[in-house]
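These figures come from a predicted structure and were not determined experimentally.
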Amino acid sequence: MNRAARAFWLGSPGHGEIREVTLPVPGEDEVLVRSLYSGVSRGTETLVFRGGVPESQYAAMRAPFQEGDFPGPVKYGYLSVGVVEEGPEALVGRTVFCLHPHQTRYVVPARAVTPVPDAVPAGRAVLAGTVETAVNALWDAAPLVGDRIAVVGGGMVGCSVAALLARFPGVRVQLVDADPARAETAEALGVGFALPGDALGDCDLVVHASATEQGLSRALDLLAAEGTVVELSWYGDRKVSLPLGEAFHSRRLAIRGSQVGTVSPARANRSYADRLALALDLLADPALDALVTGESAFEELPDVMPRLASGEIPALCHRVRYGDPDGDERA
């Protein structure tokens, strides 16, 4: 077996490159994975690409198989789907998801991969990490039957949350975004859509995922008395101002942070593996294909990533495609 592979690295903020990698021989409890697809979220990963991780968050922001350090050089990413070529017999030949950076092949502990259900196409499985974030957010938010809910911010995470909320009985779910084009995505997910100024208020719950000061302010505006904003945005090194005067206290509003790095205390009996397996099961829904809005070859990443980070390529999840195992990608 050829032990050569290639990996995408952030050489310095704003500049990516592909580097050669020599893989180790897998140990007894390790697997060799050949990549089929990986995913780029325009949220956290493009923020990393721009060099926007604050120094105080360097440790907290490390990805499971990251190499190097912020702001660079660093190999970063966490949405990888591939086929196990070597490892325990039960896994060889299985399509698996792994929180691994963009790389043609890699060796990781067997416990680090999760089999993709047969009902989930490999190309859709790159969404598992983001749907896992949405699962954790809803464990934190604990929506109830009949709730009036807004999701402010129609990016990859916000749309994933809205897609899961669409399955709750009797809820009013509205995706709120400044981009009118997100109306088409909302329709595909089975939820309502509104521009910020037209959004329905009197909400029991608002999930905020726009990563903007204006979005968070609007989220608070949309709440009913005693309502809660669950904050999913990560702002990196940016400062955010909040309108906590006027009726914030008299209406007894709440803002609660949620982050996938910790399993929600509301489900303390569940493990990270349980949560990821659930996310993969939920991806059997073909409606979630609407979250994959672009695709390019692995070799194109050094040119594509700056365009994703700048917004020149508008995307929710941008999928990276790896070559045929009988072709050039074996090296």
Side-chain angles (χ1 to χ4, degrees), residues 3-24 30 32-35 37-82 97-109 112-113 126-130 132-133 155-157 211 232-238 259-262 272 276 294 296-313 315 317-322 329 331:
R3 296 295 171 192
R6 286 174 288 165
F8 177 74
W9 279 72
L10 172 64
S12 60
H15 300 282
E17 59 193 45
I18 291 177
R19 298 185 181 183
E20 299 294 324
V21 177
T22 300
L23 301 178
E30 293 184 318
L32 171 65
V33 178
R34 170 175 53 85
S35 297
Y37 298 99
S38 57
V40 180
S41 168
R42 282 199 60 231
T44 301
E45 194 168 347
T46 56
L47 188 147
V48 169
F49 187 79
R50 294 192 299 267
V53 179
E55 189 171 350
S56 65
Q57 295 301 302
Y58 281 2
M61 279 296 298
R62 287 194 70 86
F65 295 102
Q66 174 180 324
E67 293 183 36
D69 298 295
F70 302 119
V74 63
K75 183 174 74 174
Y76 193 85
Y78 45 82
L79 301 172
S80 177
V81 177
F97 176 86
C98 184
L99 296 167
H100 198 280
H102 310 283
Q103 188 165 312
T104 58
R105 277 185 171 82
Y106 49 88
V107 174
V108 294
V113 302
V126 297
L127 298 168
T130 307
E132 183 184 10
T133 300
M156 192 174 169
V157 171
L232 291 181
S233 302
W234 191 66
Y235 299 89
D237 55 3
R238 289 179 291 141
Q259 204 269 344
V260 74
T262 302
Y272 290 97
L276 181 55
S296 58
F298 169 74
E299 294 85 352
E300 298 175 290
L301 262 180
D303 296 323
V304 168
M305 192 68 83
R307 298 167 64 199
L308 287 169
S310 69
E312 179 185 343
I313 299 178
C317 177
H318 187 87
R319 189 163 57 200
V320 179
R321 178 183 68 254
Y322 295 78
E329 280 303 320

With a 4.5 Å cut-off on side-chain heavy atoms, are Thr104 and Phe298 touching?
yes

Begin from the C-alpha positions of Ser80 and Tyr106 and carry the test side-chain contact (heavy atoms from CB on, under 4.5 Å) through to its verdict.
CA-CA 10 Å; Ser80 177; Tyr106 49 88; 2.8 Å; yes

At what distance, to the nearest 0.5 angstrom, does NE2 of His318 lie from CD1 of Ile313?
5.5 Å

Non-hydrogen atoms of Cys98 and Val113 that approach each other most closely:
CB-CG1, 4.1 Å

Validation row: Val126, Cys317 side chains within 4.5 angstrom (heavy atoms)
yes

Gap separating the CZ atom of Arg321 from the OG atom of Ser296, nearest 0.5 angstrom
7.0 Å

Could you walk me through whether Leu127 and Met156 satisfy the side-chain contact (heavy atoms from CB on, under 4.5 Å) test, starting with their C-alpha distance in whole Å, then the side-chain angles of each, then the deciding distance to 0.1 Å, before giving a yes or no?
CA-CA 9 Å; Leu127 298 168; Met156 192 174 169; 3.7 Å; yes

Under 3.5 Å, side chain of Tyr37 to main-chain N/O of Leu79, donor-acceptor pair present?
no

Please examine the side chains of Arg19 and Pro73, heavy atoms only from C-beta on, and report whether any two atoms are closer than 4.5 Å.
yes

Contact summary for Pro306 and Gly14, nearest pair of heavy atoms
CG-O, 4.1 Å

Got a sec, which residues hit side chain to side chain contact (heavy atoms under 4.5 Å, CB included) with Gln57, two or more places apart in sequence or on another chain?
Val53, Pro54, Ala60, Met61, Trp234

To the nearest 0.5 Å, what is the distance between NE2 (His15) and CD (Glu17)?
10.5 Å

Less than 4.5 Å apart, side chain to side chain, heavy atoms only: is that true for Gln66 and Lys75?
no

Leu276 to Ala128 - nearest heavy-atom pair and separation:
CD1-CB, 4.0 Å

Verify, without hydrogens or angle tests, whether Arg50 (side chain) and Ala309 (backbone) share a donor-acceptor contact under 3.5 angstrom.
yes

Distance in Å, Glu132 CD paired with Tyr78 OH, rounded so as to fall on 0.5 Å steps:
11.5 Å

Among Glu299, His102, Arg34, which one satisfies side chain to side chain contact (heavy atoms under 4.5 Å, CB included) with Tyr322?
His102

Candidate pair Thr44 and Tyr76, rule side-chain contact (heavy atoms from CB on, under 4.5 Å), full reasoning:
CA-CA 10 Å; Thr44 301; Tyr76 193 85; 3.8 Å; yes

So, for Pro302 and Gly16, which heavy atoms are closest and what is the spacing to 0.1 Å?
CB-O, 3.6 Å

Supply the atom-to-atom distance Leu308 CG to Leu301 CG, rounded to the nearest 0.5 angstrom.
8.0 Å

With side chains defined as the heavy atoms from C-beta onward, is the minimum distance between Gln103 and Phe65 less than 4.5 Å?
no

Can you give me the closest heavy-atom contact between Ala297 and Val320, atom names plus distance?
C-CG1, 4.2 Å

Side-chain heavy atoms of Arg3 within contact of Leu32, under 4.5 Å:
yes

Yes or no on side-chain contact (heavy atoms from CB on, under 4.5 Å) for Phe49 and Val40, after CA distance, side-chain angles and deciding distance?
CA-CA 11 Å; Phe49 187 79; Val40 180; over 6 Å; no

